[in-house]
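Values reported hereafter were calculated over all heavy atoms of this structure, with side chains retained and with hydrogens, waters and symmetry mates removed. No experiment lies behind these values; they were computed from the predicted model shown.
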Amino acid sequence: MSTLIVLLPPREPAVPLQEWQWPELPFTLVDKTGQTQRAGRAALALLPRAASTVLIVAARDVLLLAAAVPPLRGPKLRQALPNVIEDQLIQDPQGCHIALDPAALPDGRRVLAVVDRAWFRTICDAFVAAGHRHLRAVPATRCLPAPTVVPAVAPIGAAEPAASATQAGGEAAASARPAAVAAVLGVAAALEPVLADAVALAASAPRVELALARGALGEGFVAPASRVAGTLAALTGGAPVELYTLAEPGAEPRLASVAARDDNGALRGALHDALPGVSQGDVLRGATALPFDAFARRALAERFDLCQFEFEMQPWRFDRATVRRLRVPVALAAATLGIAVVGMNLYWWKLSRERDALSAQITETLLTAFPKTTTVLDPPAQMARQLDQLRLAAGELSPNDFLALASGLSRALGPLPPNGIASLDYHDRRLDVGFKPEVKVDPDFAQRLAQNGLSGEIDSSTGKWTIRSRS
């Protein structure tokens, strides 16, 4: 089963949803064995199709909170979640979509992801309309590498340690704090500012998208490239920070007139200017390149799915687009089923008419041959009994009589000796024949019985042959 992993662009709150334009989306396509099939950037309508699609939601579009959640499920839990976090939100919690992390924190609290419901619905509807039916959404902070706790690493932007005992104690306290992981996900899309000073500022200080993960929690923000180190140091409180820059996915075929993107080079240049004295090859205090493939595979393994409650993708749920596509097949299936039911009923009615006509004909034949019959229950059986009575009255043998069965048996013995019969019993219009132990009945005995109008079968328990008239 193939999986498509797509990194969503962050939303600019100043741009209305109706005017928001989809940029080219970085993606990677993996097959069921985990091998990468395609990777690169493409418009939403040109993304490859897959059995399932994983969306990596931008870090600054998801608010991750830790809170105690009541032991509820289903609709009751959905109704209770806005009351749990309403004191931590600025906007109305009823306008937010709240997803619950399936894994609980060590202290029993649960991580809640809060996104704008209207924006998230726009994203999901756009992908569903593009043909991506099975969606999952993962926060970008959950896709960052796990922190490597190294006590000797100084935090980004911190001064060189001195030999004093006070500074040594500060470094020990900083190294004891949980390490954080930050990643530069790309160059922020610059809105068109109104003032000329803002234009000059935007040109001189490019903004970058940052994602910061601290264990199960994290946040995203935009910061000028020249202030990345100071911003991270202020947010982490002096704790160690591992900084990464997200690399570009594999190159996709493109027209010769379209210039290739060089966001990764621009980011490294900006970070090199923002961190003076740190070379680009310094992976300890500088920015380490994070391959997009590794970033996407962590999203593939993440269990926290933002598509919960009303956004949960269920195979049995049909939306309007699915119903509209299935109208013609469903109509054809219903018409075929109706025609089959009507045809079966007509055929049954025809067979019932033929059965009634045949039954009436048999009854009429019985009453014509034996007019004294007063009650007709089983015309064929009654006709057979009446014929047997007529044969007995005329002195003829019935095929089921002892003499008729014995005569047919004598003609069918063939190579079997007549004195080889040990017993001969007649009851219920059948003849039970037992042969002596030294007599071996040949395989053609049953065939000779059939030639004389008899049928015979051997009883495995007694070893006797049961002979009846075939008529």
Ignoring hydrogens, what is the shortest heavy-atom contact between [X] and [Y]? Give both atom names and the distance.
{"X": "F221", "Y": "L232", "answer": "CZ-CD2, 3.9 Å"}
{"X": "R109", "Y": "A68", "answer": "CG-N, 4.1 Å"}
{"X": "A182", "Y": "L212", "answer": "CB-CD1, 3.9 Å"}
{"X": "C124", "Y": "L135", "answer": "O-CD1, 3.8 Å"}
{"X": "A216", "Y": "L64", "answer": "O-CD1, 3.9 Å"}
{"X": "V222", "Y": "R207", "answer": "CG1-CB, 3.5 Å"}

Is the shortest side-chain heavy-atom distance between [X] and [Y] below 4.5 Å?
{"X": "E219", "Y": "T141", "value": "no"}
{"X": "I85", "Y": "L89", "value": "yes"}
{"X": "P9", "Y": "L25", "value": "yes"}
{"X": "K464", "Y": "F435", "value": "no"}
{"X": "Q94", "Y": "P82", "value": "yes"}
{"X": "V138", "Y": "F304", "value": "no"}
{"X": "L424", "Y": "L409", "value": "yes"}
{"X": "V184", "Y": "L243", "value": "yes"}

For [Y], is there an ion pair with [X] - N to carboxylate O distance below 4.0 angstrom?
{"X": "R430", "Y": "D432", "answer": "yes"}
{"X": "D442", "Y": "R448", "answer": "yes"}
{"X": "R136", "Y": "E312", "answer": "no"}
{"X": "R11", "Y": "D116", "answer": "yes"}

Tell me whether [X] contacts the main-chain N or O of [Y] through its side chain, where contact means a donor paired with an acceptor under 3.5 Å.
{"X": "Q88", "Y": "L65", "result": "no"}
{"X": "D31", "Y": "G34", "result": "yes"}
{"X": "T373", "Y": "F370", "result": "yes"}
{"X": "R142", "Y": "R298", "result": "no"}

* To do: May I have the step-by-step check of side chain to side chain contact (heavy atoms under 4.5 Å, CB included) for Q382 and L366, ending in yes or no?
  => CA-CA 8 Å; Q382 289 176 285; L366 174 63; 3.9 Å; yes
Other residues, nucleotides, ligands: >12 heavy atoms within 6.0 Å of [X] [atom1]:
{"X": "Q21", "atom1": "CD", "result": "no"}
{"X": "Q361", "atom1": "CD", "result": "no"}
{"X": "R470", "atom1": "CZ", "result": "no"}
{"X": "E364", "atom1": "CD", "result": "no"}

With rounding to the nearest 0.5 Å, note down the distance linking [atom1] in [X] to [atom2] in [Y].
{"X": "S455", "Y": "L449", "atom1": "OG", "atom2": "CG", "result": "8.0 Å"}
{"X": "E248", "Y": "L246", "atom1": "CD", "atom2": "CG", "result": "7.5 Å"}
{"X": "L306", "Y": "I56", "atom1": "CG", "atom2": "CD1", "result": "11.5 Å"}
{"X": "T53", "Y": "R133", "atom1": "OG1", "atom2": "CZ", "result": "10.5 Å"}
{"X": "E302", "Y": "L300", "atom1": "CD", "atom2": "CG", "result": "11.0 Å"}
{"X": "L100", "Y": "D305", "atom1": "CG", "atom2": "CG", "result": "12.0 Å"}

* Give a yes-or-no answer on whether the side chains of S359 and R355 include a donor-acceptor pair shorter than 3.5 Å. =>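 There is no such pair between these side chains.
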* Have T466 and D459 got a donor and an acceptor in their side chains that come within less than 3.5 Å? ->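 Per modelled atom types, T466 and D459 side chains form no pair under 3.5 Å.
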* **Parallel, tilted or perpendicular, as decided by the 30° and 60° cut-offs, for the rings of W465 and F445** =>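 Because their plane-to-plane angle is over 60°, the rings of F445 and W465 count as perpendicular.
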* Asked: Between F27 and L7, is a side chain to side chain contact (heavy atoms under 4.5 Å, CB included) present by the stated rule, with each step listed?
  -> CA-CA 6 Å; F27 74 91; L7 175 61; over 6 Å; no
* Please test T122 against F127 for side chain to side chain contact (heavy atoms under 4.5 Å, CB included), starting from the C-alpha separation and ending with a verdict. => CA-CA 9 Å; T122 301; F127 273 86; over 6 Å; no
* Asked: L367 and V376: side chain to side chain contact (heavy atoms under 4.5 Å, CB included), yes or no, with the steps?
  -> CA-CA 9 Å; L367 295 177; V376 179; 3.9 Å; yes
